[in-house]
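Everything below concerns the one structure shown next.
What you see is a predicted model, and the numbers here were worked out from it, not measured in a lab.
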Amino acid sequence: MKETSPVLRRLGLAGAWIERIASALAAAGFAVVTGAFIWTVFCRYVLRDPSTSSEELAIVVYLWVVTLGASLAMRLDAHISFDLLTSLLPRRAGAVLAGLGALIAGAVLLIALPYTIDYIDFLWRERTTVMRLPLNWLYLCFGIMQGAFALKLLVEAGRQGMIVLAPREATR
């Protein structure tokens, strides 16, 4: 079924661009993680002087790559989902159930987002062990991930609503 809403179509185009950019950044991040890991091994076994900053850099970049990659670079339908009940229902009833679930999950994530950001902001006092990065910078990726998932779920709820409201012939 083709989406008829121009808003959902524009959101889909914007989401595709965000996915491409996030995928490129994730690939670059994995290159940095790999380089830092190789440098750590080289320092430890060839130079006989372990590099702790490269270990911490690998951990920090990996954390950002995984959280932002999961929330921005992957489509929502690429994540693991449990659709046992919705697959047993007729298409419209399944769309209602999937849309309602996405709406509730997205709303809960969006409502909890200010509390997550408040806690992340509280972490400015602490720093990483070696590179002395503020922890609020380190964990900001979790706030971005939560907001991105909330928006994706709310858009999915709207998409499922379009399926429910579509004419009978278009849903077959």
Side-chain angles (χ1 to χ4, degrees), residues 1-30 32-33 59-126 133-172:
M1 183 190 119
K2 188 174 180 182
E3 294 174 350
T4 56
S5 169
V7 173
L8 289 177
R9 203 176 356 229
R10 284 191 178 141
L11 285 173
L13 288 173
W17 275 103
I18 290 170
E19 286 174 9
R20 286 188 197 120
I21 292 167
S23 293
L25 290 174
F30 273 121
V32 169
V33 169
I59 291 168
V60 168
V61 173
Y62 182 76
L63 176 70
W64 273 80
V65 165
V66 169
T67 55
L68 295 183
S71 61
L72 297 175
M74 287 183 65
R75 292 183 330 272
L76 195 59
D77 60 356
H79 290 277
I80 295 172
S81 63
F82 299 98
D83 60 351
L84 180 65
L85 188 58
T86 57
S87 64
L88 294 175
L89 295 172
R91 182 163 167 81
R92 285 182 187 243
V96 168
L97 186 61
L100 189 60
L103 181 66
I104 292 169
V108 167
L109 286 173
L110 209 54
I111 291 167
L113 186 59
Y115 301 103
T116 302
I117 292 172
D118 185 47
Y119 181 72
I120 291 169
D121 190 41
F122 170 75
L123 293 173
W124 70 270
R125 297 167 178 84
E126 302 293 327
L133 297 172
L135 287 186
N136 60 339
W137 290 6
L138 179 66
Y139 292 116
L140 180 62
C141 58
F142 288 107
I144 295 169
M145 179 180 72
Q146 184 175 341
F149 272 132
L151 290 177
K152 280 186 174 187
L153 287 166
L154 293 175
V155 168
E156 177 64 15
R159 195 178 73 72
Q160 294 295 337
M162 293 299 292
I163 291 172
V164 172
L165 297 175
R168 185 64 117 175
E169 313 80 51
T171 61
R172 289 187 184 152

Any non-hydrogen side-chain atom of [X] less than 4.5 Å from a side-chain atom of [Y]?
{"X": "Leu25", "Y": "Leu68", "value": "no"}
{"X": "Phe142", "Y": "Thr67", "value": "yes"}
{"X": "Val61", "Y": "Phe30", "value": "no"}
{"X": "Leu138", "Y": "Leu135", "value": "yes"}

- request: Could you give me the CA-CA distance, side-chain angles and deciding distance for Leu153 and Leu103, then say whether side chain to side chain contact (heavy atoms under 4.5 Å, CB included) is met?
  value: CA-CA 6 Å; Leu153 287 166; Leu103 181 66; over 6 Å; no
To the nearest 0.5 angstrom, please state how far the [atom1] atom of [X] sits from the [atom2] atom of [Y].
{"X": "Leu113", "Y": "Asp118", "atom1": "CG", "atom2": "CG", "value": "11.0 Å"}
{"X": "Glu126", "Y": "Asn136", "atom1": "CD", "atom2": "CG", "value": "10.5 Å"}
{"X": "Thr116", "Y": "Leu110", "atom1": "OG1", "atom2": "CG", "value": "10.5 Å"}
{"X": "Leu151", "Y": "Ser71", "atom1": "CG", "atom2": "OG", "value": "10.5 Å"}
{"X": "Thr86", "Y": "Leu100", "atom1": "OG1", "atom2": "CG", "value": "12.5 Å"}
{"X": "Tyr119", "Y": "Leu123", "atom1": "OH", "atom2": "CG", "value": "4.5 Å"}

Minimum heavy-atom distance [X]-[Y], with the two atoms named:
{"X": "Ala98", "Y": "Gln160", "value": "CB-CD, 4.0 Å"}
{"X": "Ala157", "Y": "Ala102", "value": "N-CB, 3.9 Å"}
{"X": "Ala73", "Y": "Ser23", "value": "CB-OG, 3.6 Å"}
{"X": "Phe149", "Y": "Ala70", "value": "CZ-O, 3.5 Å"}
{"X": "Ala26", "Y": "Val65", "value": "O-CG1, 3.9 Å"}

message: Under the salt bridge (Lys or Arg N to Asp or Glu O under 4.0 Å) definition, can you give me all pairs with a residue in residues 69-81, not counting sequence neighbours?
response: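 Every salt bridge (Lys or Arg N to Asp or Glu O under 4.0 Å) pair that includes a residue of residues 69-81, provided the two are not neighbours, is Arg75-Asp77.
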- prompt: Got a sec, which pairs hit salt bridge (Lys or Arg N to Asp or Glu O under 4.0 Å) with one end in residues 17-29, sequence neighbours left out?
  reply: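 Residue pairs passing salt bridge (Lys or Arg N to Asp or Glu O under 4.0 Å), neighbours aside: none found.
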field: N/O donor-acceptor pair under 3.5 Å between Trp64 side chain and Cys141 backbone
entry: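 No, Trp64 side chain to Cys141 backbone: no donor-acceptor pair under 3.5 Å.
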- prompt: Within the distance-only criterion (no hydrogens, no angle test), does the side chain of Gln146 pair as donor or acceptor with the backbone N or O of Leu109 below 3.5 angstrom?
  reply: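 Side chain of Gln146 to backbone of Leu109: a pair is present.
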query: Are there more than 12 heavy atoms of other residues, nucleotides or ligands under 6.0 Å from atom CZ of Arg10?
result: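 Count not over threshold, so no.
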